[in-house]
Visitor: 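Have a look at this one.
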Amino acid sequence: MDYFIKNIVSLLNEGTNLQENDIEKLIEIPPDFKMGDYAFPCYALSKTLKKSPNAIATELSKTLHAISPISEIRAVGPYVNFFVDKAIFSETVLKNIYEEKDRYGHGNIGIGKTIVIDYSSPNIAKHLAVHHLRSALIGSAIYNIYKTLGYKCVGINHLGDWGTQFGQLIVAYKKWGTEDTHKSCTVTDLNNLYVKFHQEAEKNPRMEDEAREWFKKLEAGDFGAKELWQHFKDISLKEFQKIYDMLGIHFDAFIGESFYNTMIEDTVARINGKGLTRISEQALIVDLEHYDMPPCLLRKRDETTLYATRDIAAAEYRKKTYNFGKMIYVVGSEQKLHFKQVFKVLELMGYDWANRCVHVDFGLMKFKDGKMSTRKGKVVLLEDLLIEAVERIRKIIEEKNPSLENKEAVANDVGIGAVIFADLCTKRNKDVVFDWDEALNFDGETGPYIQYTHARLCSILRKYGKPVTTDINHELLKEDETFILVKNLSQFPMIIQKAAEFYEPSLICNYLIDVCSNLNRFYNTHRVLSEDDDLTKARILLIDSTRQVIKNGLNILGMHAPEQM
RNA sequence: GCGCCCGUAGCUCAGCAGGAUAGAGCAACGGUUUCCUAAACCGUAGGUCAGACGUUCAAAUCGUCUCGGGCGCACCA
């Protein structure tokens, strides 16, 4: 428990007959800092004491005596408000940040625990497009958040490298692939073949049968089919990796769906063995009617397996391989039902870890006039978006800071950062309408705003040129703009924990915006570097602490924090 | 039809394990640079928190219903 809250709780414990735990739960933070730093609402007491909350607050505030680190206790309406000793508070917070440095915000609740995170997971032979962004970024941020808390994280890219579409692709490739495509085939070529297949298949349905045959050959291990499939995969992975590098996204394993082919028979046998299956309309299903869900299909009429089957096999494999404490799937909310079914089947199979599988869903990304679709070629390629973002930032740098060193690197950090921040900033839950101008807006509450604030702080520290010290007079950090910032910085570890608990990176984005606007307000009202040595030293410590918090926060989101821009 | 998600300022969103006066950014208008990066800051204007009922001392927040939008509901992933 927080040192200051602890003191308040023990004060209240003496003044009331409430248990410490109950008091702690009631403590809140007033909406306005002028009211106090912490507040104790008296509504709950008014029932037992049969007095108005206001009267209780007044009486309590008179009985309680402020002792260090609490400086004042005051009744405000139905609340007893507590003011902390600002100097002690700031000393506690700033020293802590100074000592922890890059580790400020880190925790140990995850030590010894493993968490598997499945994110990005694109389909082979298609481009990464903007609608793939969310899974990759949210997953990557959650990975960093949990790592910060001491968890061992395993990031898995569950590539869509199996399924009937590969039969389609083989057919198309054999039919329309030119000499040229065979030699220097790109994802664009593959995607065109895929689109062409669907156009032609509408006129000539026999092609679908051909595709199914090829997929069956592939499943049977046909050499020619397998070679082509591997070729498609290599091409795609190479291109994916380029984009992951641009975004700075890391995976510990690329394990596609095909990997589970050899295990799937055993998985189905195990489900059978538990007596969970039955045949329905010639397909093998797990009936989930008791649980108000449609059945989970394990095997199609033509004997081939499905997505759900492979997901169940994959879950078993991951449990065996990583022995995770928790497994997270960062996949769009349109697959909610699918995961509910898969988790239910795992539970029915008797796995006690089934309830430690979590589907972290997120809202759809679409255009103003409807859904994005690779099949119709209606997408914005991720690469194009990133290149455009960097390009626009490059122009802004030319305009505002032409003498900047490392322009290229900075343009990259800021351009890509803007895209990352924009995507992570809204709660996962909400659908996103893609709009170029919005995705590439750099004013106001954006990535560049955070990074710019950070760069300015670095600039002050550079100008100061001396080592930062915690040996300062903390009495000098008492102005409103200053102390609000100190309090804000103290919340960082708690924000990370909350972000982990709710799988919600946006909490960190919003927190950083808060820190930056508090910093900018401070920056605009107070001069850091001045003739007054003591004051300068004190403010420098605050500047350095803020810089550290912003940097740590940005890194968790997967963004760089350039020192100049 | 059934299920899940969303609805807060003109636009994009915070706030939602009930609590003190509903907050930001963009856009609009007005101001701040002999001074640490103006990619910043300050001010003005802008609200029936979709609507109704209910629970509660207290509801944007919890419950029920209605409306509007999205998604999903057997052989795609």
Side-chain angles (χ1 to χ4, degrees), chain A residues 25-26 28 30-32 35 39 41 43-44 46-47 52-53 76-79 81 121-123 158 160 162-165 257 280-285 292-302 304-308 310-311 331-338 340-341 361 363-364 366 371 393 396-397 399-401 404 414 422 425-427 429-433 435 437-438 441-453 455-464 501-502 506-507 509-510 513-514 516-517 519-530 536 539-540 543 564-565:
Chain A
K25 273 182 225 151
L26 287 171
E28 42 188 271
D32 187 334
M35 298 180 192
Y43 305 103
S46 89
K47 239 178 207 166
S52 78
V76 183
Y79 293 86
N81 288 351
S121 309
N123 288 330
H158 186 69
W162 206 247
T164 8
Q165 75 266 33
E257 292 182 65
S280 165
E281 297 170 33
Q282 298 167 62
L284 185 71
I285 66 159
D292 289 319
M293 278 184 260
C296 179
L297 268 83
L298 299 178
R299 223 194 263 288
K300 296 189 275 187
R301 233 185 305 240
D302 66 0
T304 53
T305 54
L306 287 115
Y307 178 40
R310 286 191 283 271
D311 263 355
V331 181
S333 56
E334 69 274 15
Q335 293 192 35
K336 258 187 148 162
L337 179 60
H338 163 76
K340 248 177 99 180
Q341 292 174 310
D361 63 322
L364 217 67
K366 51 185 182 166
K371 223 173 152 173
I393 292 292
I396 295 175
I397 291 175
E399 199 181 293
K400 311 212 177 207
N401 197 356
L404 179 70
V414 178
C425 207
T426 49
K427 275 173 71 166
N429 229 352
K430 299 213 175 187
D431 288 346
V432 177
V433 175
D435 179 89
D437 289 331
E438 228 170 87
N441 171 36
F442 306 136
D443 296 323
E445 298 172 337
T446 63
Y449 173 70
I450 313 287
Q451 288 168 320
Y452 175 66
T453 305
R456 281 167 121 190
L457 299 183
C458 291
S459 169
I460 297 174
L461 291 164
R462 237 178 288 125
K463 198 156 198 175
Y464 178 65
E501 188 184 344
F502 295 99
S506 68
L507 291 172
C509 295
N510 288 314
I513 287 171
D514 233 33
C516 289
S517 65
L519 179 281
N520 281 310
R521 200 165 301 129
F522 165 82
Y523 178 94
N524 275 279
T525 31
H526 303 289
R527 211 178 146 78
V528 178
L529 305 174
S530 70
T536 301
R539 287 183 176 162
I540 278 290
I543 290 299
Q564 293 182 56
M565 65 185 267

Visitor: Quick one: label A:D311 by what it contacts on the DNA or RNA (base, sugar-phosphate, nothing), any heavy atom closer than 4.0 Å.
Guide: nothing

Visitor: Can you tell me if the side-chain N/O atoms of A:R462 get under 4.0 Å from OP1 or OP2 in B:C36?
Guide: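 Looking at the OP1 and OP2 atoms of B:C36, neither is under 4.0 Å from any side-chain N or O of A:R462.
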
Visitor: Describe the nucleic acid contact of A:M293 in one word from base, sugar-phosphate, nothing, applying a heavy-atom distance below 4.0 Å.
Guide: nothing

Visitor: Given B:C36, B:A74, B:A40, which nucleotide is nearest the side-chain atoms of A:K463?
Guide: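 Closest of the options to the side chain of A:K463: B:C36.
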
Visitor: Can you tell me how far P in B:U44 sits from the matching atom in B:C4, rounded to whole Å?
Guide: 45 Å

Visitor: Which is true for A:S280 with a 4.0 Å heavy-atom rule: it touches a base, it touches only sugar-phosphate, or it touches nothing?
Guide: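 A:S280: base contact, heavy atoms under 4.0 Å.
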
Visitor: Quick check for you: to the nearest 0.5 Å, what is the distance between A:E334 atom CD and A:D431 atom CG?
Guide: 9.5 Å

Visitor: Under 4.0 Å, counting only non-hydrogen atoms across every strand here, what does A:I397 touch: a base, just sugar-phosphate, or nothing?
Guide: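 Base, at least one base heavy atom under 4.0 Å.
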
Visitor: Respond yes when some side-chain nitrogen or oxygen of A:K427 is under 4.0 Å from OP1 or OP2 of B:C16, and no when none is.
Guide: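 For A:K427, the contact criterion (side-chain N or O under 4.0 Å from OP1 or OP2 of B:C16) is not met.
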
Visitor: Could you give the distance separating B:G46 and B:U12 at their C1' atoms, to the nearest angstrom?
Guide: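 Each nucleotide's C1' atom is 15 Å from the other's.
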
Visitor: Starting at atom CZ of A:F522, determine the distance to atom P of B:A40, rounded to an integer number of angstrom.
Guide: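 These atoms are roughly 19 Å apart.
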
Visitor: Given the C1' atoms of B:A17 and B:C13, what is the spacing between them in whole Å?
Guide: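 Roughly 22 Å separates the two C1' atoms.
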
Visitor: Give me the distance, rounded to whole Å, that separates B:U34 from B:C26 when you measure between the C1' atoms they each carry.
Guide: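 Roughly 33 Å separates the two C1' atoms.
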
Visitor: Measuring from the side chain of A:Q335 (C-beta onward, heavy atoms only), which nucleotide among B:C36, B:A77, B:A14 has the closest atom?
Guide: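 From the listed options, B:A77 comes nearest.
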
Visitor: How close do A:R462 and A:A455 get, counting heavy atoms only, and between which atoms?
Guide: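 Heavy-atom minimum between the residues: NH2-O, 4.2 Å.
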
Visitor: Within the structure shown, what part of the strands sits under 4.0 Å from A:Q282 by heavy-atom distance: base, sugar-phosphate, or nothing?
Guide: nothing

Visitor: Over all strands shown, is A:H158 touching base, sugar-phosphate only, or nothing at heavy-atom distances under 4.0 angstrom?
Guide: nothing

Visitor: Nearest to the side chain of A:V414, which nucleotide is it out of B:A40, B:A14, B:A39?
Guide: B:A39

Visitor: Measure the CG-NE2 distance between A:D311 and A:H338 for me, rounded to the nearest 0.5 Å.
Guide: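 One gets 4.0 Å once the value is rounded to the nearest 0.5 Å.
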
Visitor: Does A:L337 reach a base, just sugar-phosphate, or nothing at all? Heavy atoms under 4.0 Å.
Guide: sugar-phosphate

Visitor: For the C1' atoms, the ones on B:A39 and on B:A59, what distance do you get once it is rounded to whole angstrom?
Guide: 40 Å

Visitor: What nucleotide, of B:G72, B:C73, B:C41, holds the atom closest to the side chain of A:E334?
Guide: B:G72

Visitor: Of the options B:G25, B:C41, B:C13, whose atoms approach the side-chain atoms of A:N520 most closely?
Guide: B:C41

Visitor: When the P atoms of B:C73 and B:U66 are compared, how many Å lie between them, rounded to an integer?
Guide: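 Approximately 24 Å lies between the P atom of B:U66 and that of B:C73.
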
Visitor: Looking for any heavy atom pair under 4.0 Å, which part of the strands does A:L306 touch: base, sugar-phosphate only, or nothing?
Guide: sugar-phosphate

Visitor: Looking across every strand, which nucleic acid part, if any, lies under 4.0 Å from A:S459 by heavy atom: base, sugar-phosphate, or nothing?
Guide: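 The answer is base, as A:S459 lies within the cut-off (heavy atoms under 4.0 Å) of a base atom.
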
Visitor: Side chain of A:P31 only, please: which of B:C71, B:A20, B:G7 is the nearest?
Guide: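 Nucleotide nearest to A:P31's side chain: B:A20.
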
Visitor: Could you measure between the two C1' atoms, the one in B:G72 and the one in B:A58, and give it in whole Å?
Guide: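 That atom pair is separated by 38 Å.
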
Visitor: Taking only the C1' atom of each, what is the distance from B:U33 to B:G47 in whole angstrom?
Guide: 35 Å

Visitor: Applying a 4.0 Å non-hydrogen cut-off, can you work out what A:F502 is touching in the nucleic acid: base, sugar-phosphate, or nothing?
Guide: base

Visitor: Once rounded to the nearest 0.5 Å, what's the spacing between atom SG of A:C458 and atom CD of A:Q451?
Guide: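 Rounded to the nearest 0.5 Å, the SG-CD separation comes to 11.5 Å.
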
Visitor: Just the dot-bracket of RNA chain B, please: which string comes out with Watson-Crick or G-U pairs under 3.5 Å, [ ] for crossing, | for another strand?
Guide: (((((((..((((.....[...)))).(((((.......))))).....(((((..]....))))))))))))....

Visitor: Compare the minimum distances between each of B:C5, B:U37, B:A77 and the side chain of A:N401, then state the nucleotide with the smallest one.
Guide: B:U37

Visitor: Would you indicate what A:Y523 reaches in the nucleic acid, counting non-hydrogen atoms under 4.0 angstrom: base, sugar-phosphate, or nothing?
Guide: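 It contacts base atoms.
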
Visitor: Using whole Å, what does the distance between atom P of nucleotide B:A38 and atom CG of A:L519 come to?
Guide: 13 Å

Visitor: Counting side-chain heavy atoms from CB outward, which of B:G70, B:C36, B:A39 is closest to A:I396?
Guide: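 For the A:I396 side chain, the nearest candidate turns out to be B:A39.
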
Visitor: Nearest whole angstrom, please: distance from the P of B:C36 to the CG of A:L461.
Guide: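 Atom CG in A:L461 sits about 15 Å away from atom P in B:C36.
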
Visitor: Remember a base hit wins even if backbone is also touched, and classify A:N123 as base, sugar-phosphate or nothing at under 4.0 Å, heavy atoms.
Guide: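 Result for A:N123 = sugar-phosphate.
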
Visitor: Within the structure shown, what part of the strands sits under 4.0 Å from A:Y43 by heavy-atom distance: base, sugar-phosphate, or nothing?
Guide: base

Visitor: Using the side-chain heavy atoms of A:I285, tell me which of these nucleotides is nearest: B:U37, B:A40, B:A74.
Guide: B:A74

Visitor: Looking for any heavy atom pair under 4.0 Å, which part of the strands does A:P78 touch: base, sugar-phosphate only, or nothing?
Guide: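 No contact.
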
Visitor: Is B:A60 in the syn or the anti form, by the rule that syn lies within 90° of 0?
Guide: anti

Visitor: For B:A39, does either OP1 or OP2 sit under 4.0 Å from a side-chain N or O belonging to A:R456?
Guide: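 Result: no.
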
Visitor: Between B:A14, B:U37, B:A20, which nucleotide has the shortest distance from any of its atoms to the side chain of A:N510?
Guide: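 Within the option list, the nearest is B:A14.
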
